[in-house]
Amino acid sequence: MPLDQYFEASKYEQAIYERWESSGAFRADVDSDRPAFTISMPPPNATGTLHLGHAVGMALEDVMIRWRRMAGDEVLWLPGTDHAAIATESVVIRNLQKEGMADPRHELGRDGLVAKIAEFVEQSRGTIRSQIRALGASCDWSRERYTMDATLNRAVNATFARMFRDGLIYRGLRIINWDPHLKTTVADDEIETKERPAKLYTMRYGPFLVATSRPETKLGDTAVAVHPDDERWQEHIGKTYEITWPQGPTIHVRVVADQAVDPETGTGALGVTPAHSAIDFEIAERHGLPLVQVIDEDGRMTAAAGERYQGMTVEECRAAFVADLDAAGLLAGAEDYIQPTPICYRSKQVIEPLPKAQWFVDVNKPVVPWKGQTLSIRQVLRDVIADGDIQLLPKHEEKTYFHWIDNLRDWCISRQIWWGHRIPVWYRGEEDLYVGHRSPEGAGWEQDPDTLDTWFSSALWTWSTLIDPELAEAHPELSLRELLARSPDVARFHPTSVMETGYDILFFWIARMILMTTYMVGEVPFHTVYMHGLILDRDGDKMSKSKPETAIDPQATIADHGADVLRMSLVLGNAPGKDLKLSEERLVGVKRLINKLWNAGKLVERTVGEHPTALPATIEHPINQWMMARLDGLVDLIDRRFGDWAFGDGAELIRTAFWSEFCDVYLEAIKVPPLAGSAETAAVTHHAYLTYLKLFHPFMPYVTEVLWREMGGEDMLIGAPWPAIDPAHRYPEAGEAVDAVVRAIGAIRSVRAEQGLEPKVKIEVAIHPTAHRDVFEACAPVVERLVRAGSLELLDSAAGTDEPGTAVAVDAAFEVAVRLGQADREAEKQRLEKQLEQDRKRLGGLEKRLADENFLTRAKPIAVEKAKSDAEALRATIQAAEERLATLG
RNA sequence: GGGAGGUUAGCUCAGCGGUGAGAGCACCUGCCUUACACGCAGGGGGUCGCGGGUUCAAAUCCCACACCUCCCACCA
């Protein structure tokens, strides 16, 4: 069936995806004896929609997966979704509020709200699934997982319990990051620092001057700290002062000496607010200072702040307190100041440090068995990268990673929201505490109200998803260790091969997967981490709805141009860690490539005819040989680029080879007899085209699959073997010779254009090959056609090119002459002179270098050899051109 | 304040010690040549950020500087 004029993606995509899926091509076979290649899909938010960040990741993952599948690996790409605790809960609460429910938490209660959220997730999770499908992702849907699956919950609870028993998880009173908007704690890594203009106030404070950008917290001060060696304050150390604020409470501050104080900063005297500053809290712990909380969980002042300020927001209190201080003459100064303010990365609201008892993961306790040692989490995290057990791409991210580890503090894992894995800890009375993966027997137990940080469950993703859910359900009594040991997928597909994700979640997720997996499973979660960059708009800004003219919507792109266009646009030229600017022009460029591939298919279809033949035992025609040699070179090159994870670069190379070698040279050449109409040509054309389809397939699966079927490829392309070099068809010599012919064609075309010879004018051409005469002879009809020659003569010597009425071009492998007829000989002279000038200049450079004793003795022999042969060739070219000029007069 | 990456043609980028610096897009000229005008052929265009240094040889390595981007930092 002849191909349509243009490829219309929407006509084919859905049906092809269904054929792939129903054929079982996506499903991993745990029993095969092929080497395993595994990717755990980073689970998108179950209630989300696909954005370009997902799209670039999935496109890259699918490239890897399809490549390895064709290359013969047993591939598993495990898809799934995340319950995204904070994000999902706040969306549902907002929706309920829009529907008129003032306080959903209060009105529905815990069970009611959780049920509502689960219902919402169930309803909306289909969207992301169908969008992943539309992209063409060849993932194993039979193994789809969700971070709230029963099996995963069991893994979470068992992990918590084991860490608790090992002392890696503890409950402690700390200054935590409290988000008064979301009403929950957040981890240190979930904080962004935003610089905001503020004032740095200096206030009189007993005998001291104290600087602060947060005067309102001074209502809760219990000490003044100075550096132990600071001479200015020696007499005060150890004393306690009573300070009565103008309109507020009276506080008692002890003067303590502490190394943490920098004498150079501020006034050198630090007002210590243990309840609202982590550093002050630590000072307070060291000196046994009391803790007075003046800000509550709503971000308002408490009773301890005094009657006047109680109930004010932090901002209101700051303004009021400063005014009061000023009125009382206690304000010594106020200067402009850029204040680094902690912001929650989710809610974008200001974080309030508050003292609260929370659950933490201890990163310094040495209880993790690793390579025969017992290490701390921090040490294992460092070792797996330092030892090369895990490779980070791009490599420079290792430095960022080590820097993060050096500054790592205990990880706060408890959250005060309701949606998520509930902390598996039960209390009974004051004394009894139970930790386990199932609720304890007996009456009177109360479960901890908090839930776990989403990243706690995500951190188990690579292996918790491989546990056999049926086994887990049938055997609730099995320990996690036994479940892992008895789940076939775990042994077969873990550790995974690659983790492909954005570099922005290196700490949130990558590091925590390493942390949890080394501890729980005793192996790394993956061998390679491929981190893609951000997708930006054409101006290099983040795409946003406020800039619709440059934003690109993945769904609309798939609908308008097809999934292949979107995928290839995101991958072409992309490299680990590199941000990519995506624009309409980029999409159009890929669209043209697909159009070219499609149209080449039409010509191939015509050339191959109804009955494609297999490659003959030997291939005779040099151009056919050349095509085979080019394919070999390309396949070899691509294997090496892909092996180095350079998929974007590989895609460029395939594109260039396909367009400039196959289309521009080969497909033009085979229109001419005797290549045209020969069975050998049909076979080579078919073989070459199918090879390009295979190479393109990981990037553009849909259009290549359509063309594969149209070209009579066997079964489906998704399961076809990756191209390999066939030792029976190696023609290295043909490459060089036909390259010379191609250069000759270019030289004649240049002469044609420079002499202003109209395309309709048939020119008379003579070629004197100085090498590869037989190949030139075999290719003569092709040359004749591609340069639109009326006649073509092959000469045995340069003699024929001496005639005055010709234009000549010279190369190391040939001289070509174009009979000019009426054309301007002066133009020819000028062209030659220009060429001569360039050649002489270059020869001059080479000769200078060759005369340099230092170069001859110190340079690598191969460099000297190349310089010599280049000079040789140039001299011949120059001499021929000079003779030619002489005959022109 | 600490750290990382970048600066090559009008734009997006490749090249990362071997010597005439490349691609795509854009531009110019000519072509609807029976696969493709989403195309074909030819062509113009670059002090490789600035200044030093190492080397027979530097866009490529080293040092300093300038500018851009990003990450980290307990808010005196």
Side-chain angles (χ1 to χ4, degrees), chain A residues 3 5-6 175 188 191 193 195-196 198 200 202 210-214 217 225 260-262 264-271 276-282 337 339-342 350-351 353 394 396-397 399-400 403-404 407 409 503-504 506-507 533-534 538 540 572-573 575 577-581 583 585-586 588-589 591-607 648-649 652 655-656 660 663-664 667-668 671 746 749-750 752-754 756 758-760 785-788 838-839 841-842 845-846 849 852-860 862-864 866-867 870 874:
Chain A
L3 290 168
Q5 191 178 0
Y6 293 108
I175 298 298
D188 294 334
I191 303 297
T193 308
E195 297 199 328
R196 306 200 305 181
L200 185 65
T202 306
V210 161
T212 179
S213 63
R214 297 205 55 187
T217 64
V261 179
D262 176 7
E264 304 297 319
T265 309
T267 61
L270 168 66
H276 301 290
S277 157
I279 190 168
D280 293 9
F281 182 87
E282 286 166 16
Y337 176 67
Q339 181 187 27
T341 311
V350 176
I351 289 296
H396 67 77
E397 287 293 340
K399 287 181 187 168
T400 318
H403 183 254
W404 175 79
N407 294 292
R409 288 179 294 160
Y503 59 69
D504 49 334
L506 176 61
F507 309 136
L534 303 172
R538 83 174 83 228
L572 200 65
K578 294 284 289 186
D579 293 347
L580 185 109
K581 291 177 189 170
S583 60
E585 291 85 335
R586 211 180 151 80
V588 168
K591 191 127 205 241
R592 287 182 182 163
L593 171 63
I594 289 172
N595 185 250
K596 189 74 179 174
L597 185 63
W598 186 262
N599 280 298
K602 285 195 252 177
L603 183 59
V604 169
E605 197 172 43
R606 199 179 296 184
T607 305
D649 186 44
E652 292 270 17
R655 175 190 194 280
T656 304
S660 63
C663 292
D664 291 348
L667 284 185
E668 291 304 324
K671 289 174 181 172
R749 281 170 167 171
S750 288
R752 214 184 209 296
E754 278 156 11
E758 292 288 313
K760 288 196 179 69
R785 152 127 181 181
L786 295 191
V787 304
R788 297 164 168 275
Q838 279 179 17
D839 287 349
K841 197 171 153 198
R842 187 164 166 237
L846 282 170
R849 200 147 23 103
D852 184 346
E853 193 59 30
N854 281 326
F855 175 69
L856 294 173
T857 52
R858 300 198 196 190
K860 286 185 211 148
I862 191 166
V864 178
K866 182 161 188 304
D870 284 0
L874 266 176

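Owing to the predicted nature of the structure, the values given are computational and were not obtained by experimental measurement. All chains are named by letter (A, B, ...) in the order of the sequence lines, taking the proteins before the strands, and each is independently numbered beginning at 1.
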Partners of A:Lys866 by side chain to side chain donor-acceptor pair (under 3.5 Å), sequence neighbours excluded? A:Asp870

Runs of at least three Watson-Crick or G-U pairs with RNA chain B, cut-off 3.5 Å: B:1-7 with B:66-72, B:10-13 with B:22-25, B:27-31 with B:39-43, B:51-53 with B:61-63

Checking all strands, does [X] fall into the base, sugar-phosphate, or nothing category for heavy-atom contacts under 4.0 angstrom?
X: A:Phe281; value: nothing
X: A:Glu397; value: nothing
X: A:Lys581; value: sugar-phosphate
X: A:Lys671; value: base

Give me, pair by pair, the N or O atoms of the protein and of nucleotides 19-23 of chain B that are less than 3.5 Å apart, along with how far apart they are.
| unit_1 | atom_1 | unit_2 | atom_2 | d |
| --- | --- | --- | --- | --- |
| B:rU19 | O2' | A:Arg849 | NH2 | 3.1 |
| B:rU19 | O2 | A:Arg849 | NE | 3.4 |
| B:rU19 | N3 | A:Arg849 | NE | 3.2 |
| B:rU19 | N3 | A:Arg849 | NH1 | 3.1 |
| B:rU19 | O4 | A:Arg849 | NH1 | 3.4 |
| B:rG20 | O6 | A:Arg842 | NH1 | 3.3 |
| B:rG20 | N1 | A:Arg842 | NH1 | 3.0 |

Test item: A:Arg752 side-chain N/O and A:Arg788 main-chain N/O as donor-acceptor pair under 3.5 Å: yes

Indicate, yes or no, whether a donor-acceptor pair under 3.5 Å links the base of B:rC36 to the side chain of A:Lys602. no

Out of [options], whichever nucleotide has its closest atom nearest the side chain of [X]:
X: A:Cys663; options: B:rA26, B:rU33, B:rA35; answer: B:rA35
X: A:Ala753; options: B:rA4, B:rC13, B:rG42; answer: B:rG42
X: A:Asn599; options: B:rG42, B:rC13, B:rC36; answer: B:rC36
X: A:Asp664; options: B:rC40, B:rG43, B:rA35; answer: B:rC40

Can A:Trp598 be called stacked on B:rC36 when the rule is centres closer than 5.5 Å and an angle between planes below 30°?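 No.
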
After noting the C-alpha distance and the side-chain angles of A:Lys602 and A:Asn599, does the key distance pass the side chain to side chain contact (heavy atoms under 4.5 Å, CB included) rule? CA-CA 5 Å; A:Lys602 285 195 252 177; A:Asn599 280 298; 2.8 Å; yes

Residues in ring-ring contact (aromatic ring centres under 6.0 Å, His included) contact with A:Phe507, at least two apart in sequence or another chain: A:Trp404

N/O to N/O distances under 3.5 Å, protein versus nucleotides 15-17 of chain B:
none

Atom NZ of A:Lys596 and atom P of B:rC36 are separated, to the nearest Å, by 10 Å

Please figure out whether A:Leu603 or A:Arg749 has its closest RNA chain B nucleotide nearer the 5' end. A:Leu603

How does protein contact run along nucleotides 69-76 of chain B, one letter per nucleotide 5' to 3', with B for base contact, S for sugar-phosphate only, - for none, heavy atoms under 4.0 Å? ---SBBBB

